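Written out below as structure tokens is the structure these notes cover.
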Amino acid sequence: MKPVRVRFAPSPTGYLHVGGARTALFNWLYARQKGGTFVLRMEDTDEARNTDQARQTIFDGLRWLGLDADEGPEQGGPCAPYSQSERQSIYALAIAALKAKGVLYPCFCSRERMSALRTTQEANKLPYRYDRLCRSLAPDAIAARLAAGEVPAWRLFVPEGKTVLNDMVRGEITVEHADIEDIILVRGEGTPIYNLAVVIDDHTMGITHVLRGEDHLTNCFKQIIIFRAMGWEVPAYGHLPLILGPAGEGKLSKRKHPEAALEHYQVRDFHAEAFINWLVLIGWSFDDKTELMTRAELVERFSIERVNKSGARLNIEKLVSMSGDYIRRMDSASVRAKVCFHLVKAGLIAEPLSAESERKVTAIAAAEHERLKAFGDIVEMSRWAFADDLPMEEKALKNLKKDPGNALMLRDWAATLCDPLPDSATMEGAARAFCEARGVGFGQFVHPVRAALTGRTAGPPLFDCVKILGVQHSQHRLLRGADLAHSAAS
RNA sequence: GGCCCCGUCGUCUAGCCAGGUCUAGGACAUCAGGUUUUCAUCCUGGUAACACGGGUUCAAAUCCCGUCGGGGUCACCA
């Protein structure tokens with residue numbers, strides 16, 4: 001059997017779409033499973049704007065997901081170049097061959113005629129399609145117009161008949177050629193339109209399987225017609241279901257949904273393996289129970305036969321849950337490294353880390369490990385630990401003022417803290433004794449203390465918070481809390 | 001509008017091809033309870049779906065037809 005060659009062919013529009021990321025993943029998985037080749041190809045013929053930045057976004061996204069290409073713009077390969085913008089000479093050659101075979105015919109119809117035609121068709125409720133006027137042009141008429149300096153576009157000569165596609169995910173689909181337009185494949189200036197460039201590229205790059213979004217299903221028939229007309233081997237196709245917006249309203253678009261861009265997830269820094277696991281489950285499943293799978297297991301288990309046909313909505317909640325799951329399974333050193341990275345990036349601590357920062361980062365990472373859903377979340381989760389004059393949440397303030405005795409309790413307890421702080425369990429024991437001695441319930445102690453220390457009502461276990469802050473800052477905040485409580489009580 | 005695709009809990013899905021074992025399974029979300037100093041974790045339990053209508057059959061989520069609903073695509077864009 002021929003070795004598998006698959007490709008991911010994004011257009012550098014400035015962001016990598018999650019749907020694109022999933023397409024890349026499925027292709028990558030398929031290539032790895034079959035011992036095939038995964039090629040990355042830039043479809044950058046049209047959009048010229050900030051191409052470099054846009055290309056970089058795609059490289060970065062794929063790198064984040066660990067979807068390494070075997071051939072592509074970065075690594076090169078036997079079919080280089082891998083950017084359509086650099087393949088014009090290849091296209092020119094192929095186009096000449098297409099013309100020679102009569103697959104293309106020149107069309108001199110003006111845009112004005114086309115829009116007029118369309119208006120008429122619309123008015124008569126006819127399908128909007130080219131009426132094939134230029135098909136009947138006699139060779140000498142064509143020669144004359146060419147000689148006169150008229151510049152034609154070139155259209156696909158769609159023959160009589162029908163095309164049957166045996167789609168790997170959808171099964172057999174038949175389309176009558178009467179329903180296919182003689183689309184323009186070559187611009188007046190001589191460059192190929194997408195549908196032609198894809199065919200030339202897939203052919204010259206020896207692509208054996210094309211896995212792409214369902215939005216290409218209609219294009220597929222035109223492409224197959226070109227392949228056949230040229231006598232080229234047609235690759236196997238599999239059209240993946242689309243990823244819909246959270247409300248099920250059409251496919252995800254960057255404009256309407258920030259979660260359409262991969263960057264959205266990269267910035268928050270979800271666990272990459274969890275993200276992959278979540279992504280693969282959109283439109284594919286292994287069985288009725290298994291959800292958590294390693295990359296190696298996915299490579300082994302992935303199958304196009306089990307890809308769904310219907311579109312799927314994004315369930316971000318599930319990603320959050322999965323990412324939290326993955327993070328909880330990480331060892332503390334790895335979590336600490338991630339936490340450190342984000343705190344530095346947010347400017348909460350500075351590199352090189354002081355001994356105090358080292359200590360603090362370790363304490364925060366340990367305390368928040370089980371609460372983390374995405375690494376980037378650590379910044380907002382632990383902001384309280386870095387500024388003594390942070391604003392107090394309303395509910396926290398309420399807890400502080402709840403009991404008139406709070407002010408005194410906070411001051412008294414602050415006085416019991418001393419350097420070095422014992423471990424959390426010991427501190428808790430002491431605190432419980434402290435409460436018992438003054439006849440206060442532990443709950444009445446915990447809430448105002450948490451409020452004073454963190455300004456919040458939720459967070460890590462209380463004594464871990466004390467450890468994170470250290471004696472000095474803890475005492476300082478307890479006293480400040482006492483003042484706040486007092487001002488309310490009086 | 002033409003053509004094409006799709007339709008199981010709120011969401012992602014298993015089951016459908018090879019009809020019975022499906023009083024439809026799992027996960028996330030949600031609700032209730034337990035553990036706990038808050039949150040989180042963890043544990044237990046609950047609510048919740050075969051779009052609709054015909055047909056075939058002893059038997060249909062599973063096969064057939066129709067209806068309705070959703071989506072995709074119709075550029076000298078990709």
Side-chain angles (χ1 to χ4, degrees), chain A residues 9-13 43-47 84 107 109 111 114 118 121-122 124-129 151-155 165 167 170-171 173-176 178-181 183-195 197-198 213-221 239 241-242 244 246 248-251 278 281-292 305-306 308-322 324 328 368-373 381 395-396 399 428 431-432 435 441-447 449-451 454 456-463 465:
Chain A
S11 163
T13 53
E43 310 236 318
D44 58 353
T45 49
D46 198 61
E47 254 90 4
Q84 292 191 330
C107 171
C109 294
R111 289 170 206 250
M114 288 310 296
R118 190 188 167 118
Q121 287 171 158
E122 222 160 279
N124 296 322
K125 300 209 162 149
L126 291 167
Y128 342 117
R129 231 174 296 157
V151 185
W154 294 75
R155 289 183 183 273
L165 161 67
D167 194 274
R170 267 147 230 285
I173 304 168
T174 304
V175 171
E176 299 290 333
D179 292 318
I180 300 177
E181 182 177 17
I183 52 163
I184 289 176
L185 289 181
V186 180
R187 300 184 179 92
E189 63 196 77
T191 55
I193 291 301
Y194 167 77
N195 273 303
V198 178
E214 192 196 334
D215 48 343
H216 288 286
L217 193 54
T218 323
N219 286 328
C220 196
F221 293 90
H239 290 90
L242 258 21
L244 279 16
E249 73 294 20
K251 57 178 178 179
W278 172 72
L281 256 15
I282 300 176
W284 177 82
S285 65
F286 175 60
D287 61 16
D288 58 337
K289 300 225 161 58
T290 319
E291 289 207 326
L292 262 34
E305 297 72 48
R306 289 192 63 86
N308 276 150
K309 294 185 181 74
S310 48
R313 304 182 199 189
L314 244 30
N315 188 174
I316 308 285
E317 295 283 333
K318 185 141 180 170
L319 167 62
V320 170
S321 159
M322 274 193 152
R328 259 172 260 123
E368 300 285 23
H369 190 155
E370 67 173 12
R371 253 162 295 264
L372 259 191
K373 308 292 188 190
M381 284 166 79
K395 274 173 82 177
N399 286 343
E428 178 177 342
R432 284 190 188 272
C435 289
F442 197 52
Q444 289 172 273
F445 166 85
V446 161
H447 297 294
V449 172
R450 173 180 297 283
T454 72
R456 312 178 48 167
T457 56
L462 188 60
F463 303 102
C465 293

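Keep in mind that the numbers below use all heavy atoms, side chains included, and drop hydrogens, waters and symmetry copies. All figures in this text were calculated on a predicted structure; none of them were measured in a lab.
A:Lys373 comes within 4.0 angstrom of the backbone, heavy atoms only, and of no base. Residue-level contact check: A:Thr457 touches the bases, meaning some heavy atom is under 4.0 Å from a base atom. Within the nucleic acid shown, A:Asn219 comes within 4.0 Å of at least one base atom, counting heavy atoms only. Looking at heavy-atom distances under 4.0 Å, A:Ile184 makes contact with a base. As judged by a 4.0 angstrom heavy-atom cut-off over every strand, A:Asn315 is placed among the base-contacting residues. Note on A:Leu281: only backbone sugar-phosphate atoms sit closer than 4.0 angstrom, heavy atoms only; bases stay farther off. A:Gly213 comes within 4.0 angstrom of no nucleic acid atom, judged by non-hydrogen atoms across all strands. The residue A:Arg306 sits close only to the backbone: its heavy atoms come under 4.0 Å of sugar-phosphate atoms, none of a base. Nucleic acid contact class of A:Pro460 (heavy atoms, under 4.0 Å, all strands): base. At the heavy-atom level, A:Arg111 lies under 4.0 Å from base atoms of the strands shown. In this structure, A:Glu370 reaches the bases: a heavy-atom distance under 4.0 Å links it to at least one base atom across the strands shown. Looking at heavy-atom distances under 4.0 Å, A:Gly188 makes contact with a base.
Rounded to a whole angstrom, the distance from the P atom of B:C12 to that of B:G71 is 14 Å. The separation of B:G15 from B:G1, taken at their C1' atoms, amounts to 38 Å, rounded to a whole angstrom. Atom C1' of B:C58 sits at a distance of 31 Å from the matching atom of B:C68, rounded to the whole Å. B:G25 sits 25 Å from B:A18 when the P atoms are compared, rounded to a whole Å. The same atom, P, is picked in B:G20 and in B:A61; the two are 10 Å apart, to the nearest Å. B:A49 and B:A24 have their P atoms separated by 10 Å, given to the nearest Å. Spacing between B:U57 and B:C64 at atom C1', rounded to whole Å, works out to 12 Å. Annotation: B:C16 and B:C31 have their P atoms spaced 34 Å apart (nearest Å).
Stacking annotation: A:Phe286 is not stacked on the base of B:A14 (requires ring centroids less than 5.5 angstrom apart and an interplanar angle below 30 degrees).
Across all strands shown, B:A61 forms no Watson-Crick or G-U wobble pair with both distances under 3.5 Å. Under the Watson-Crick or G-U wobble criterion, with both distances below 3.5 Å, B:C42 is paired with B:G34. In a base pair of the Watson-Crick type (N1 to N3 plus N6-O4 or O6-N4) or a G-U wobble (N1-O2 and O6-N3), with each distance short of 3.5 Å, B:C28 is matched with B:G10. Across all strands shown, B:A51 forms a Watson-Crick or G-U wobble pair with B:U67, both key distances being under 3.5 Å. Across all strands shown, B:G2 forms a Watson-Crick or G-U wobble pair, both distances under 3.5 Å, with B:U73.
Between B:C76, B:C3, B:U37, one nucleotide has an atom nearer to the side chain of A:His447 than all others, and that is B:U37. For A:Ser285, whose side chain is taken as the heavy atoms from C-beta onward, the closest listed nucleotide among B:A78, B:A14, B:C6 is B:A14.
When each of A:Thr290 and A:Arg450 is assigned the nucleotide of RNA chain B bearing its nearest heavy atom, the one mapping closer to the 5' terminus is A:Thr290.
For the pair A:Arg432 and A:Phe442, the cation-pi criterion (under 6.0 Å, within 45° of the ring axis) is fulfilled.
Phosphate proximity of B:C74 to A:Thr218: absent, as no side-chain N or O sits under 4.0 Å from OP1 or OP2.
With A:Arg450 contributing its side chain and A:Pro460 its backbone, the two residues share a donor-acceptor pair below 3.5 Å.
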